[in-house]
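None of the values given here were measured: they were computed from a predicted structure.
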Amino acid sequence: MRKLQGIVTKIERTSEYKDYDSEKWEKCHFTVKLIGFSKRTPDEKLPEDLKGAEVRVVRWCCYDWHYKIGARVTLTPEETERVLQGEKDLTKK
C-alpha cells in the first residue's frame with residue numbers, strides 16, 4: 001500500500017465544523033510539499049515531476065497541534081493514487 005509523505009506548508013481554515021465525541025472538529029485545507037513515499041515502501045521512488053510539488057488535502061483538526069506548519073504528514077492510499085494520477089487539489093471531490 002503506497003503512501004506519499006510531505007511537509008505542511010500552509011493551513012487554510014474553512015470555518016466548517018462537525019461534532020465528534022463531544023469535540024468540535026474544523027475542516028481545514030492543508031497544502032503539503034511532497035518529499036517522498038513512507039518508509040514502509042522503501043523501493044518506491046517519487047516521480048521527478050512530483051519532487052517538491054505541492055498538493056492540497058482535507059484534514060479535520062481539533063487540537064492545537066493539528067494546526068502545525070512544518071509537520072510531516074502522510075497521505076492516505078486513496079489520496080496518494082489521486083496525486084500519482086495527476087491531481088494536485090484533493091479538496092474537491
Side-chain angles (χ1 to χ4, degrees):
M1 199 174 325
R2 303 187 301 178
K3 295 180 186 177
L4 286 168
Q5 287 189 335
I7 304 294
V8 177
T9 60
K10 183 178 177 184
I11 299 173
E12 299 169 55
R13 299 171 89 146
T14 65
S15 300
E16 181 180 330
Y17 295 93
K18 70 176 178 180
D19 288 327
Y20 183 75
D21 284 344
S22 302
E23 295 177 318
K24 190 175 182 181
W25 290 76
E26 182 179 17
K27 182 179 182 180
C28 295
H29 294 167
F30 282 22
T31 300
V32 178
K33 184 176 180 180
L34 299 177
I35 57 174
F37 283 91
S38 72
K39 293 179 183 177
R40 295 186 183 264
T41 53
D43 297 331
E44 291 284 349
K45 300 287 185 239
L46 189 63
E48 284 297 320
D49 63 319
L50 291 179
K51 284 188 179 175
E54 291 192 335
V55 297
R56 292 180 70 217
V57 296
V58 172
R59 292 292 182 266
W60 288 90
C61 304
C62 180
Y63 306 109
D64 58 347
W65 51 270
H66 288 157
Y67 298 95
K68 189 173 179 182
I69 300 289
R72 189 178 190 124
V73 295
T74 302
L75 276 60
T76 66
E78 294 80 16
E79 290 170 334
T80 295
E81 291 308 314
R82 287 176 64 187
V83 169
L84 292 174
Q85 292 173 7
E87 285 186 63
K88 296 286 186 342
D89 189 350
L90 308 183
T91 61
K92 301 170 183 134
K93 291 193 175 190

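By the 4.5 Å heavy-atom criterion applied to side chains, Leu34 and Val55 are counted as neighbours. Considering only heavy atoms from C-beta on, Asp89 stays 4.5 Å or farther from Val57 through its side chain. Annotation: side chain of Leu75 is not in contact with side chain of Lys3 (no heavy-atom distance under 4.5 Å). In this structure the side chain of Arg56 reaches within 4.5 angstrom of the side chain of Glu12, judged on heavy atoms.
Note: the hydrophobic cluster containing Tyr20 also contains Trp65 (ILVMFWY, side chain heavy atoms under 4.5 Å, direct or indirect links). Follow the hydrophobic side-chain contacts under 4.5 Å out from Leu90 and you reach Leu46 in the same cluster.
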* To do: Check the pair Glu81, Arg2 against side chain to side chain contact (heavy atoms under 4.5 Å, CB included), reporting the backbone distance first and the verdict last.
  => CA-CA 8 Å; Glu81 291 308 314; Arg2 303 187 301 178; 3.2 Å; yes

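Arg13 pairs by the salt bridge (charged side-chain N to carboxylate O under 4.0 Å, His left out) definition with Glu26, not counting sequence neighbours. Not a single side chain to side chain contact (heavy atoms under 4.5 Å, CB included) links Lys45 to another residue, sequence neighbours left out. By the side chain to side chain contact (heavy atoms under 4.5 Å, CB included) test, Val58 is found to be paired with Lys27, His29, Trp60, Thr91, residues two or more places apart in sequence or in another chain being considered. Lys33 pairs by the salt bridge (charged side-chain N to carboxylate O under 4.0 Å, His left out) definition with nothing, not counting sequence neighbours. The side chain to side chain donor-acceptor pair (under 3.5 Å) check on Tyr63 picks up Glu23, with sequence neighbours excluded. Residues passing the salt bridge (charged side-chain N to carboxylate O under 4.0 Å, His left out) test with Glu87 are Arg82, sequence neighbours excluded. Partners of Glu48 according to the salt bridge (charged side-chain N to carboxylate O under 4.0 Å, His left out) rule, which considers only residues two or more places apart in sequence or in another chain, are Lys51. Every residue two or more places apart in sequence or in another chain that forms a side chain to side chain contact (heavy atoms under 4.5 Å, CB included) with Ile11 is listed here: Val8, Cys28, Phe30, Tyr67, Ile69. Legend: residues meeting side chain to side chain donor-acceptor pair (under 3.5 Å) with Ser38, ordered by chain and number and at least two apart, are absent. In this view, Thr74 and Gln5 satisfy the side chain to side chain donor-acceptor pair (under 3.5 Å) rule, not counting sequence neighbours.
Considering OG1 of Thr80 and CG of Leu4, their distance stands at 4.0 Å, rounded to 0.5 Å.
Within the hydrophobic cluster formed by Ile, Leu, Val, Met, Phe, Trp and Tyr side chains joined at under 4.5 Å, directly or through other members, Ile7 is accompanied by Ile35.
The salt bridge (Lys or Arg N to Asp or Glu O under 4.0 Å) analysis of residues 64-80, with sequence neighbours excluded, yields the pairs Arg59-Glu79.
Nearest heavy-atom pair across Asp19 and Lys24 is OD1-CA, 3.8 Å.
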